[in-house]
Amino acid sequence: MRYLTGEELRKTLGWWLILSIFAAGVGVTYMRTLDSSPFGYVTTKTNATYDYVIVGGGASGCVLASRLSEDPRLSILLLEAGGEETDNMWNHVPLWNPTEHGSNVDWGYYTRPQKYACKSFKNRKCQFAQAKILGGSSLTNNMIYSRGSKHDFINWPRDKMNTWSWENVLPYFLKSEDMLEEEMKFSDYHSVNGRLPVSGPASEVTKLHDMFLASARELKYKPIDCNGKESVGICRLYSTVKDGERFSSSKDFLRLAMSRPNLHVSTHSIVIKVLITRGKAVGVEYVRNGQKRTVGANKEVILSAGSIGTPQLLLLSGVGPKQQLEQLKIPVINDLPVGYNLQEQVTYSMNIQTNTSIGVDREQAFNTVSYLQYLAFGRGWLAASAGIFGNAQLKMDAGSKVNTPDLQLTFSSISTDLSAKIEDQTKTKVTQTALRSNVSSHINGFTIHIDLLHPVSRGTLSLESNNPFMSPTIDPNYLSNNKDVQIMIKGMKMATSFLSTEPFRAIKARAHDRPYSPCIQHKIKSDAYTECVLRHQAVGNGRVTSSCSMGTENDNRAVVDTFLRVRNISSLRIVDASVIPHSVSGELLPTKIMIAEKASDMIRGYESVRLFRKQAERILKRG
Ligand SMILES: Cc1cc2nc3c(=O)[nH]c(=O)nc-3n(C[C@H](O)[C@H](O)[C@H](O)COP(=O)(O)OP(=O)(O)OC[C@H]3O[C@@H](n4cnc5c(N)ncnc54)[C@H](O)[C@@H]3O)c2cc1C
Ligand SMILES: *[C@@H]1O[C@H](CO)[C@@H](O)[C@H](O)[C@H]1NC(C)=O
Ligand SMILES: *[C@@H]1O[C@H](CO)[C@@H](O)[C@H](O)[C@H]1NC(C)=O
Ligand SMILES: *[C@@H]1O[C@H](CO)[C@@H](O)[C@H](O)[C@H]1NC(C)=O
Ligand SMILES: *[C@@H]1O[C@H](CO)[C@@H](O)[C@H](O)[C@H]1NC(C)=O
């Protein structure tokens with residue numbers, strides 16, 4: 001028998017260490033799956049009727065299904081076109097964005113050829129991301145937690161009960177929140193123990209976040225809680241991530257309810273028509289496994305198919321602009337402005353180069369150590385939400401009186417050699433989704449996303465055919481209003497000003513200055529040049545709203561009333577981003593969840609937020 005040499009021992013021990021970490025990782029992962037596992041399963045046999053049939057298991061639909069099923073007397077069916085989010089374990093990894101345009105979790109839409117934008121893309125069509133999976137876009141978003149501004153709600157329709165005033169929506173924002181940052185837990189603007197986790201920057205990006213804050217201070221901005229009293233400023237960064245897993249409405253709402261006997265969930269079920277008889281929605285027609293089926297709704301059909309799916313379905317069912325429906329030979333049930341007023345925020349991604357690597361590196365993020373660290377502790381690069389390290393909500397339009405942001409800057413340590421790729425795109429096929437977030441190696445730098453929060457440009461959604469399996473015609477009409485262009489130009493300058501601050505100078509940060517060939521007829525860096533670049537390269541950012549806006553009784557642009565009921569049709573409601581009348585100043589997800597929470601109280605005739613109302617009153621009293 002011989003003794004192991006030191007080196008051999010280290011080697012052996014090393015292996016044991018790795019193996020035990022791995023075993024621990026597998027154990028923890030297993031326990032996590034148990035924790036969030038379906039104690040119930042998706043349904044293969046559905047009943048003939050339910051009280052409520054919810055169409056679309058996205059960000060809102062899952063919340064609604066989970067809340068309505070709390071009442072055991074109600075029976076609920078949730079129909080989702082996509083598959084289960086549990087099919088791919090990477091879906092909840094925060095660094096990962098599972099959307100690949102046209103993949104099995106995306107509808108693969110393109111916009112109509114754009115007159116004023118998307119010039120560098122084939123046929124002037126921009127890709128248009130729309131999630132198709134249980135959990136919807138809550139699984140494909142950037143995880144920034146930002147509710148928007150209290151002033152946003154001034155523009156929402158006002159009914160007698162002030163249903164959508166700030167004081168009446170704030171309690172619902174509070175209801176869903178689970179603030180995980182110690183120092184913010186006791187702020188009146190936040191709450192704990194809700195289903196939507198809100199955490200600070202992942203450990204991997206804290207240094208970058210500090211650098212961003214230092215830079216902001218040099219520009220005379222002081223960091224604020226953008227979900228607090230004010231919403232204009234440099235924001236403390238909050239993400240909807242907990243223990244290294246991204247929030248999704250499927251995991252954090254629906255799965256917790258799926259064992260209830262009064263809830264059925266059916267995936268791969270594409271709804272093609274709402275059945276309406278004598279002005280009342282009585283059920284839906286859907287296709288599953290190539291078979292057409294119908295299901296009845298005793299109480300209501302609720303559409304939560306998102307800003308594209310919902311108006312498409314209404315049009316297919318005979319609810320929409322009369323002229324369009326007649327042309328398509330769809331019998332007109334109700335003449336409503338469905339699909340008008342479509343709004344989408346516009347974004348430009350500025351590629352910044354640095355003299356040293358500051359961001360995510362493919363090798364770093366996806367190596368074994370990083371992977372084990374993630375499995376065992378839920379930490380490391382894989383836990384950093386989309387690599388984001390800075391967020392600012394700014395006001396560029398000095399003319400507007402209310403102090404509400406109109407521009408958002410998001411700093412992401414994921415760098416993309418964007419301009420080079422976009423130049424290529426007219427020739428080769430580079431996907432825009434990948435451009436948005438490709439974890440690339442060997443590029444030193446980061447990306448600043450510049451988002452126009454309140455586009456003045458208005459678009460439309462319409463049908464070209466009565467075939468439910470054909471893509472609807474999506475025309476966001478990006479940058480058709482010059483005001484949008486002006487704010488974006490200011491935003492580009494704002495983003496650049498960060499680069500001249502000390503922390504960024506220290507890493508030689510500079511915007512890509514390779515002249516963009518389609519725009520070289522303009523003086524480089526002039527407003528005309530920047531406008532040209534924007535019209536070529538700016539794209540939609542996926543925050544799509546307002547295609548079935550809510551309004552008061554005499555508002556002829558409204559599709560639903562303030563109780564989200566489709567006008568002149570009984571038993572048909574819409575609960576998703578399409579009812580938002582004007583896009584909000586921040587991100588969409590918190591607002592979507594607020595709407596779903598509030599809608600489920602409306603539907604159940606129940607008030608679930610009494611305590612949060614008290615908290616909201618305290619804030620409002622202070623002014
Ligand atoms: C790239 C990107 C980044 C984003 N980043 C952020 C962020 O950082 N923070 C944030 O808060 N928000 C962000 N958002 C926005 C936000 O996630 C979404 O706007 C919001 O989740 C939309 O919710 P929804 O319920 O309206 O629609 P969805 O979540 O899209 O749900 C609609 C669901 O209905 C299903 N469906 C559609 N038609 C049918 C049909 N006919 N039959 C059956 N099912 C159907 C779809 O498959 C889908 O699952 C981002 C969005 C994108 C695209
Ligand atoms: C489906 O029907 C069965 C038999 O009538 C009933 O027991 C069950 O509760 C129904 N389930 C739902 C979710 O409505
Ligand atoms: C994303 O980055 C990887 C690694 O740099 C590269 O191989 C791949 O082609 C990129 N994808 C796209 C679509 O640009
Ligand atoms: C980057 O540039 C700064 C400022 O000129 C310099 O101090 C630093 O050493 C450079 N870093 C690298 C890795 O080259
Ligand atoms: C709703 O129905 C009433 C009565 O049938 C009708 O007068 C009104 O024009 C309808 N409104 C809409 C928006 O279709």
Side-chain angles (χ1 to χ4, degrees), residues 43 45-51 54-64 69 74-83 85 97 99 105-107 128-148 239-240 247-250 260-273 284 286-287 303-310 312-313 316 344-345 347 354-357 385-386 388 391 410 433 436-437 444 449 451 468-469 505-509 540-545 574-580 584 586-593 595-596:
T43 313
K45 280 206 180 75
T46 45
N47 289 355
T49 62
Y50 295 82
D51 291 333
I54 303 172
V55 180
S60 333
C62 288
V63 175
L64 199 60
S69 62
L74 304 177
S75 71
I76 293 117
L77 173 67
L78 177 67
L79 294 167
E80 165 57 42
E85 85 290 5
N97 182 344
T99 347
V105 301
D106 182 273
W107 288 83
F128 192 94
Q130 264 314 101
K132 186 184 189 180
I133 184 171
L134 202 58
S137 30
S138 67
L139 279 155
T140 63
N141 72 10
N142 284 340
M143 292 153 277
I144 296 175
Y145 181 80
S146 145
R147 296 173 195 157
S239 307
T240 52
F247 160 87
S248 77
S249 60
S250 38
R260 294 178 187 150
N262 60 334
L263 171 65
H264 281 169
V265 177
S266 179
T267 50
H268 302 292
S269 305
I270 303 178
V271 178
I272 56 173
K273 196 176 180 184
V284 302
Y286 68 103
V287 173
L303 304 182
S304 297
S307 297
I308 301 303
T310 290
Q312 179 190 19
L313 198 51
L316 288 168
E344 187 181 10
Q345 295 179 357
T347 192
T354 53
N355 72 346
T356 165
S357 161
S385 5
I388 288 165
N391 181 227
T410 305
T433 325
R436 200 181 289 124
S437 62
N444 287 335
H449 300 284
D451 294 310
F469 297 102
R505 276 203 319 258
I507 50 169
K508 283 218 158 83
N541 75 357
R543 282 67 151 181
V544 196
T545 59
I574 302 181
V575 180
D576 62 29
S578 68
V579 302
I580 295 175
V584 292
E587 292 286 351
L588 267 187
L589 188 70
T591 305
K592 298 301 326 300
I593 292 178
I595 293 174

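Read the numbers this way: they start at 1 and go in the same order the structure lists the ligands and their atoms. Just so you know, these numbers use all the heavy atoms, side chains as well, and skip hydrogens, waters and symmetry mates.
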(Q) Closer than 4.0 Å to some heavy atom of S75 - which atoms of ligand 2 meet that? (A) 14 (O)
Q | For G306, atoms of ligand 1 separated by under 4.0 Å from a heavy atom | A | 26 (O), 27 (O), 32 (C)
Q.
Could you tell me, atom by atom, which parts of ligand 1 come under 4.0 Å of a heavy atom of A131?
A. 46 (C), 47 (O), 48 (C), 49 (O)
(Q) For atom 4 (C) of ligand 1, which of the options I272, T410, N141 provides the nearest non-hydrogen atom? (A) N141
**Q.** Element-labelled atoms of ligand 1 that are located less than 4.0 Å from some non-hydrogen atom of N541
**A.** 2 (C), 52 (C)
At less than 3.5 Å, what protein N or O atoms come close to the N or O atoms of ligand 4? Include the distances to 0.1 Å.
from, atom 1, to, atom 2, distance (Å)
ligand 4, 2 (O), N355, ND2, 2.3
ligand 4, 5 (O), K508, NZ, 3.0
ligand 4, 11 (N), N355, ND2, 2.9
ligand 4, 14 (O), N355, ND2, 3.3

Q. Does a side-chain heavy-atom distance below 4.5 Å link T240 with Y145?
A. yes
(Q) Is the shortest side-chain heavy-atom distance between Q345 and T545 below 4.5 Å? (A) no
Q. Is Y145 touching ligand 1 with its side chain, its backbone, both, or neither, if touching means heavy atoms under 4.0 Å apart?
A. neither
(Q) Using a 4.0 Å cutoff against the non-hydrogen atoms of N262, which atoms of ligand 2 qualify? (A) 13 (C)
Q | Atoms of ligand 1, numbered as shown, that sit under 4.0 Å from any heavy atom of D576 | A | 26 (O)
Q | Numbered atoms of ligand 1 (with element) below 4.0 Å of S60, judged on heavy atoms | A | 24 (P), 25 (O)
Q) Taking all atoms of both residues into account, what is the closest heavy-atom pair of V575 and S60, and its distance? A) O-CB, 3.4 Å
(Q) T140 versus ligand 1: do any nitrogen or oxygen atoms come within less than 3.5 Å of each other? (A) no
Q. N/O to N/O below 3.5 Å, does that happen between M143 and ligand 1?
A. yes
Q. Mind checking whether F247 and L589 have side chains closer than 4.5 Å, heavy atoms only?
A. yes
Q) Any nitrogen or oxygen of G61, main chain or side chain, under 3.5 Å from a nitrogen or oxygen of ligand 1? A) no
Q | Salt-bridge present (E587, R543; N to O < 4.0 Å) | A | yes
Q | From the candidates T267, V584, N142, the one that places a heavy atom nearest atom 5 (N) of ligand 1 | A | N142
Q: Output yes when a side-chain donor or acceptor of S69 lies under 3.5 Å from a complementary backbone atom of L263, and no otherwise.
A: no
(Q) Is the shortest side-chain heavy-atom distance between T46 and L77 below 4.5 Å? (A) yes
Q) Just distances here: any N/O of L589 and N/O of ligand 1 closer than 3.5 Å? A) yes
(Q) Going by side-chain contact (heavy atoms from CB on, under 4.5 Å), T410 matches just one of N541, N142, N391, T347. Which one? (A) N391
Q. Hey, does K273 have a side-chain heavy atom less than 4.5 Å from the side chain of Y286?
A. no
Q: Identify, by atom number and element, the atoms of ligand 1 in contact range of P590, meaning under 4.0 Å from any of its heavy atoms.
A: 11 (O)
Q: Quick one: look at P468 and ligand 1, take heavy-atom pairs under 4.0 Å, and tell me if it's side chain, backbone, both or neither.
A: neither
Q) If you measure from atom 29 (O) of ligand 1 to every heavy atom of A81, G83, S137, which option wins on shortest distance? A) S137
Q: Determine whether I595 and V579 make a side-chain contact, defined as any pair of heavy atoms from C-beta on separated by less than 4.5 Å.
A: yes
Q.
Does ligand 1 come near enough to V544 that some N or O of the ligand is less than 3.5 Å from an N or O of the residue?
A. no
Q. Between I133 and ligand 1, does any nitrogen or oxygen pair lie at a separation below 3.5 Å?
A. yes
Q) Which atoms of ligand 2 have any heavy atom of Y50 under 4.0 Å away? A) 12 (C), 13 (C), 14 (O)
Q | Sub-4.0 Å atoms of ligand 1 with respect to non-hydrogen atoms of S269 | A | 42 (N), 43 (C)
Q: Would you check the N or O atoms of W107, main chain and side chain alike, for any that come under 3.5 Å of an N or O of ligand 1?
A: yes
Q: With heavy atoms of L588 as the reference, note each atom of ligand 1 found under 4.0 Å away.
A: 10 (C), 11 (O), 12 (N), 15 (C), 19 (O)
Q) Are any side-chain N or O atoms of S138 and backbone N or O atoms of G135, one a donor and one an acceptor, separated by less than 3.5 Å? A) yes
Q.
Could you check whether any side-chain N or O of W107 sits under 3.5 Å from a backbone N or O of A129, counting only pairs where one atom can act as donor and the other as acceptor?
A. no
Q.
Check whether D576 reaches the backbone of A305 with its side chain - one donor and one acceptor, N or O, closer than 3.5 Å.
A. yes
Q. Is any side-chain heavy atom of I133 less than 4.5 Å from a side-chain heavy atom of E85?
A. yes
Q: Would you check the N or O atoms of A577, main chain and side chain alike, for any that come under 3.5 Å of an N or O of ligand 1?
A: yes
